[in-house]
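Numbers here are sequence positions counted from 1. On a predicted model such as this, the values are computed, not experimentally measured, just so you know. Whatever order the structure lists them in is the order used to number ligands and atoms, beginning at 1.
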Amino acid sequence: MRHILIDTDAGVDDTLALIYASRSSDVNVELLTTVSGNVPVKEVTQNVLYLKELLHWDIEVCSGADVPRSRKLVTAPEVHGDDGVGNYRKTHGITFDDWETGDAAPRLVAAAKKFRKNLTIVSLGPMTNIADAVAIDAEAMMGAGRIVQMGGVFSGYGNTGVHSEFNIFVDPEATDFVLNNGIKIDFVPLDLTELLSMPRRLFESLTRSPRHDDAEITRLLRKAVRFYADYHRATDRLDGCFLHDPITVAAAISPHWFQFVGSSIDVETSGAYTSGVTVANLRKRARSGNSRIAVSFDATSFMKDFAMKVFRRKVSAATVRSECLRERFFPSFSGNL
Ligand code: RIB
Ligand code: CA
């Protein structure tokens, strides 16, 4: 059985990803660590504790970095709400007083030492905690099986800077530090995650009349996902939302659905217009490098599995094809492989 550790900046799509992971019985999720990103780490941790309660999930939660390694924190309340879940917790006054500052980075190192090649670290936010762990013990972190990172964009427009993706944009020095210490990363970039969306209409039908024991989590999801979809409608001409983080969890737990190519990746850490840009030369035939990039995936298998686990509903292949698959601004680069 593979062991999974999830580092998150929850976040609406992180919330969906955590529900998905919690109901994936073919892996052991060992620990959830939190990091500032979509919202400050205090809010992130509260979201994760709330999910743990709603899902009756027997899992340890450990908070981590509250600021990036060497720059000011940028958050995205306009995308995820002030509390990270579309203001659902804020509206209902849901807080956890036993929240305290934790030691995510040493816990990551301990997990890497304990599970070695059997450990997959799934990083759904900025890489601050991962970089802090590498700073503590690079050799131990190198010994982990995989680090799967939702992040980067390699052939088109970003969602934060013109050409940068949010997670890398928030703490580019962290990703740069991890790569420059010889740690390989499996990137799941926007190029891939934006090939699929969950349209608002589909989400509304999937969450209509939930099972009795899913009633509260469905209320949370309805508020959070509608908020997130409103943002996408206003900015991306998309009436629905992207599933960046659930797809990244799938890349960790069902890697056979994904095709990766090896590449050397660099991260721009300065630049007035390009800070946080991920750079990889995918034209080159020699594909050895410091990392891999997910370039295509079986979106239908993912979406069916995701809908069944998160909403306990079936989605047909025809629905995925006609309602969820989309073109990106640039043609997919998978045709050039
Ligand atoms: O760019 C998308 C990523 O940034 C997702 O992980 C989202 O939750 C935010 O962290
Ligand atoms: Ca995230």
Side-chain angles (χ1 to χ4, degrees), residues 5-21 32-41 43-48 51 63-66 68 73-86 104 121-130 147-172 174-175 185-198 221 224-225 227-229 231-232 235-236 238 240-252 267 275-278 293-294 306 328-329:
L5 191 155
I6 303 178
D7 189 65
T8 174
D9 64 336
V12 179
D13 59 327
D14 304 68
T15 296
L16 292 163
L18 291 173
I19 300 170
Y20 183 43
L32 304 177
T33 54
T34 59
V35 66
S36 284
N38 289 319
V39 286
V41 72
E43 298 294 339
V44 173
T45 309
Q46 302 257 326
N47 292 338
V48 175
L51 273 176
S63 72
D66 58 349
L73 176 65
V74 175
T75 58
E78 70 284 10
V79 186
H80 297 269
D82 293 337
D83 61 0
V85 283
I121 297 170
V122 187
S123 171
L124 305 179
M127 296 193 81
T128 320
N129 286 338
I130 318 277
I147 297 178
V148 182
Q149 171 69 37
M150 191 290 123
V153 58
F154 295 93
S155 71
Y157 295 113
N159 60 0
T160 307
V162 176
H163 292 295
S164 47
E165 180 281 329
F166 180 80
N167 288 338
I168 309 300
F169 177 87
V170 171
D171 196 348
T175 307
I185 300 173
D186 281 354
F187 285 89
V188 181
L190 283 187
D191 313 79
L192 183 94
T193 60
E194 291 192 349
L195 293 173
L196 180 92
S197 73
M198 178 169 64
L221 288 182
V225 171
F227 187 99
Y228 191 48
Y231 171 80
H232 285 104
T235 60
D236 283 320
L238 166 70
C241 65
F242 293 119
L243 300 172
H244 309 290
D245 292 344
I247 293 171
T248 305
V249 165
V267 181
S275 186
V277 167
T278 42
I293 303 171
F306 172 76
R328 245 190 135 248
F329 313 105

Tabulating one pair per line, provide the atom names and distances (0.1 Å) for every N/O atom of ligand 1 that is less than 3.5 Å from a protein N/O atom.
{"unit_1": "ligand 1", "atom_1": "1 (O)", "unit_2": "N159", "atom_2": "ND2", "d": "2.8"}
{"unit_1": "ligand 1", "atom_1": "1 (O)", "unit_2": "E165", "atom_2": "OE2", "d": "2.4"}
{"unit_1": "ligand 1", "atom_1": "4 (O)", "unit_2": "N167", "atom_2": "OD1", "d": "3.2"}
{"unit_1": "ligand 1", "atom_1": "6 (O)", "unit_2": "L124", "atom_2": "O", "d": "3.0"}
{"unit_1": "ligand 1", "atom_1": "6 (O)", "unit_2": "N167", "atom_2": "ND2", "d": "3.1"}
{"unit_1": "ligand 1", "atom_1": "6 (O)", "unit_2": "D245", "atom_2": "OD1", "d": "2.6"}
{"unit_1": "ligand 1", "atom_1": "6 (O)", "unit_2": "D245", "atom_2": "OD2", "d": "3.1"}
{"unit_1": "ligand 1", "atom_1": "8 (O)", "unit_2": "D13", "atom_2": "OD1", "d": "2.5"}
{"unit_1": "ligand 1", "atom_1": "8 (O)", "unit_2": "D13", "atom_2": "OD2", "d": "3.3"}
{"unit_1": "ligand 1", "atom_1": "8 (O)", "unit_2": "D14", "atom_2": "OD1", "d": "2.9"}
{"unit_1": "ligand 1", "atom_1": "8 (O)", "unit_2": "N38", "atom_2": "ND2", "d": "3.0"}
{"unit_1": "ligand 1", "atom_1": "8 (O)", "unit_2": "D245", "atom_2": "OD2", "d": "3.1"}
{"unit_1": "ligand 1", "atom_1": "10 (O)", "unit_2": "D9", "atom_2": "OD1", "d": "3.4"}
{"unit_1": "ligand 1", "atom_1": "10 (O)", "unit_2": "D9", "atom_2": "OD2", "d": "2.9"}
{"unit_1": "ligand 1", "atom_1": "10 (O)", "unit_2": "N38", "atom_2": "OD1", "d": "3.2"}
{"unit_1": "ligand 1", "atom_1": "10 (O)", "unit_2": "N38", "atom_2": "ND2", "d": "3.3"}
{"unit_1": "ligand 1", "atom_1": "10 (O)", "unit_2": "N167", "atom_2": "OD1", "d": "2.7"}

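Judged purely by atom type and a 3.5 angstrom limit, H80 has no side-chain atom pairing as donor or acceptor with the backbone of G11. Proximity of a side-chain donor or acceptor of N129 to a complementary backbone N or O of A65 within less than 3.5 Å is detected.
Considering only heavy atoms from C-beta on, M198 comes within 4.5 Å of V225 through its side chain.
Across F154, F169, Y157, a single residue satisfies ring-ring contact (aromatic ring centres under 6.0 Å, His included) together with H163, and that is Y157. Across T193, V277, T160, L190, a single residue satisfies side chain to side chain contact (heavy atoms under 4.5 Å, CB included) together with V153, and that is L190.
Summarising the geometry of P189 relative to A294, their closest heavy-atom pair is CD-O, 3.4 Å, with the distance given to 0.1 Å. Between D66 and S36, the closest heavy-atom pair is O-OG, 2.8 Å.
At a cut-off of 3.0 Å, measuring from the Ca ion (ligand 2), the protein N, O or S atoms that fall short of it are D9 OD1, D14 OD1, D14 OD2, L124 O, D245 OD2, waters left aside.
Residues satisfying the ring pair (Phe, Tyr, Trp, His ring centres under 6.0 Å) test with F166, not counting sequence neighbours, are none. Qualifying side chain to side chain contact (heavy atoms under 4.5 Å, CB included) partners for S197, counting only residues two or more places apart in sequence or in other chains: P199, L238, F242, R326.
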